[in-house]
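Take a look at the structure below.
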Amino acid sequence: MHLLIFAVLATSSLAWAETGEKQARQAGSGSAAWDAAYSQASTALSKLSQQDKVNIVTGVGWNKGPCVGNTPAIGSIGYPQLCLQDGPLGIRLAGSVTAFTPGIQAASTWDVELIRQRGIYLGAEAKGVGVHVLLGPVAGPLGKIPNGGRNWEGFGPDPYLTGIAMSETIEGIQSNGVQACAKHFILNEQETNRETISSVVDDRTMHELYLFPFADAVHSNVASVMCSYNKVNGTWACETDKILNGLLKKELGFKGYVMSDWNAQHTTNGAANSGMDMTMPGSDFNGKTILWGPQLNTAVNNGQVSKARLDDMAKRILASWYLLKQNSGYPATNLKANVQGNHKENVRAVARDGIVLLKNDDNILPLKKPSKLAVIGSSSVVNPAGINACADRGCNTGALGMGWGSGTAEYPYFVAPYDALKTRAQSDGTTINLLSSDSTSGVANAASGADAALVFITADSGEGYTTVEGVTGDRPNLDPWHNGNQLVQAVAQANKNTIVVVHSTGPIILETILAQPGVKAVVWAGLPSQENGNALVDVLYGLVSPSGKLPYTIARSESDYGTAVQRGGTDQFAEGLFIDYRHFDKNGIAPRYEFGFGLSYTNFTYSSLSITSTASSGPASGDTIPGGRSDLWETVATVTAVVKNTGGVQGAEVPQLYITLPSSAPSNPPKQLRGFTKLKLAPGETGVVGSQEWS
Ligand SMILES: OC[C@H]1O[C@@H](O[C@H]2[C@H](O)[C@@H](O)[C@H](O[C@H]3[C@H](O)[C@@H](O)[C@H](O)O[C@@H]3CO)O[C@@H]2CO)[C@H](O)[C@@H](O)[C@@H]1O
């Protein structure tokens, strides 16, 4: 349900009560903690030689240590060989870790408790294997282009939802003493030409869309930020004074350090003097030249980079290390350790509660002990070559759990849809006809006569260094892979109770599928990682009511989005603020399924909407705290509403608060998300959103 109010102030922090309180609390403790960490860093710095400082800021090289990024130990201050390792959903290239759900699935739950728990467990596993810096979470790409290859690593194209998810994830990771890394800063929205393209953006769009979630990250005291490959307004992101020194460090008050993406640095002095603090991986990775190390030493000796700047770089890195108390009792790096604990419970919960029910005609779902089920599609079963057969998940064979690239982890196990359906069928006495191929021949045989036919389709994408079935990162279109439309058509012709299950890294166009009269239900199962099948069965059989909401818009046609992958050298960001639902609203384009949409097995009613101004009457304070001007973080109004579960089963609702700015100028998006919460309600139960424990 969307609630729309008119904002009394043009502020970024009009919110449900809980958000503002959380922000105020962290800001206070954050500054003092940084002060203490800086004091320890200063003491340590005074004992270091110039060479030590250069070592702290320069990686030792790709494959020259246990992690994807490593810096040398400095024995005199007990500083370890720092281990930096991907990534946003778990420890990459490790032996026995949990493959958590991708960020986009976490966002799809709209459940801050689950998102935070995911972050806490990510941090616990990183610490368990001795990773000092976990390279995530992701707020860039934000996802302005629906086919952007790496969108699934982050939390979707709404900056508020992404910002909340960034905060919860970072606080979760860092609560376990692990440094988080907010990446990729900034305007890295596509894989195509990512290392050459220039993103040209106006100041307002930069602030209100792309910088917005990074402000949340800084507010949550993120230890590090990774600058991206692209150029910003013509200058390399890792060498742009205005965005690193200006926006990030000065305006947002970022106290941690900026590391380069792997070989995103281009010059020795330009990067140092623009605000980059650590170079990664520091070797001649991918044929590039080494730019710091000895070169930085020379530049400092020549005065091209000041001694104070080198001190600042090293101090920021040391302060982050002290902030997370990694100077005491931190485990040695051992990426082979088994650190999974019971974390699969979070994977199953996020995978399940992130499932979005898009269509459910005749209440075909939940299933009620069918005598015969048809299960169709190659993605209903596990990859026949093995769950981790493709490096960095670089294939779309068998059931899909995540996209591909550096933001992946090895699966410790993988429950495919058919595995979980078979287990359930055995206990119900259901017969399953399995057709584990995408060929339409054989479909009629498998699907006809079954009480219902489940057909599985996918769309995949990833990082541009791997090409999968001709796709180099960004998707070329928004169609399902492997002739998914034709497969669904064939199934729906053979069975009038067809249930389509979609596993995808982002939106696909569903028009052909929805035009089939036999398609009774569409289950948007997203990217469920290792718990794929279990999560799906929980929802299909009504063990839980679906409660996920779309973290992006699903359009009727690809051209409706108004953004596309740029093939040339520049992306002008001509759409400005108007991405995803902001674009649809502004142009009066009806989406097929709107951002925030999702059905349930129960019903909810809303009443008693109340809005109270809570703005302080005193003068606004322009002090800078981590995250920017302090008055940007004040709650200016509290909105409450009563929500009742009027249906027959337990369920969860996500009331969403959207604002319209007072001016109706066309430069303002008609609606912007500024609050949400997830209410779990039993049948007949009433909940008050925006008050209770938060106000
Ligand atoms: O992992 C750290 C950051 O790395 C960036 O991506 C790099 C990725 O980690 C790395 O595996 C990949 O290497 C490939 C290389 O580029 C290619 O030439 C070679 O053929 O195959 C290698 C893979 O086996 O390079 C990526 C950079 O191009 C990510 O952007 C960042 O998010 C990571 O945190």
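All ligand and atom numbering here is 1-based and tracks the order in the structure. Quick caveat: nothing in here was measured; it's all calculated off a predicted structure.
Among protein heavy atoms, the minimum distance from atom 13 (O) of ligand 1 is reached at F285 CZ, 3.7 Å. The nearest heavy-atom contact from the protein to atom 22 (C) of ligand 1 is Y465 CD1, 4.3 Å.
Within a 4.0 Å radius of atom 24 (O) of ligand 1, the protein contributes no non-hydrogen atoms. There is no protein heavy atom closer than 4.0 angstrom to atom 19 (C) of ligand 1.
Interatomic distance, N176 CG to I120 CD1, rounded to the nearest 0.5 Å: 7.0 Å. For the atom pair CD (E463) and CD (E153), the distance works out to 6.5 Å, reported to the nearest 0.5 Å. With rounding to the nearest 0.5 Å, the separation of CD1 in I91 from CG in L122 is 7.0 Å.
For ligand 1, the polar-atom distance check against D261 finds a nitrogen or oxygen pair separated by under 3.5 Å. On a distance-only criterion, R92 and ligand 1 share at least one N/O pair closer than 3.5 Å.
Contacts between R194 and ligand 1 below 4.0 angstrom, taking non-hydrogen atoms only, involve the side chain exclusively. Only the side chain of R150 comes within 4.0 Å of ligand 1, counting heavy atoms alone; its backbone N, CA, C and O stay farther away.
Across E463, H184, Q85, heavy-atom proximity to atom 7 (C) of ligand 1 is greatest for E463. Summarising the contacts of atom 1 (O) of ligand 1 with V68, D86, L84, the nearest heavy atom is found in D86.
Between R116 and D111 there is no salt bridge, since none of the side-chain N atoms of the basic residue sits less than 4.0 Å from a carboxylate O of the acidic one.
Within a 6.0 Å radius of NZ in K344, no more than 12 heavy atoms belonging to other residues, nucleotides or ligands are found.
For F595 and W110, the ring centers sit closer than 6.0 Å to each other.
With hydrogens and angles ignored, the 3.5 Å screen pairs no side-chain donor or acceptor of W152 with any backbone N or O of P102.
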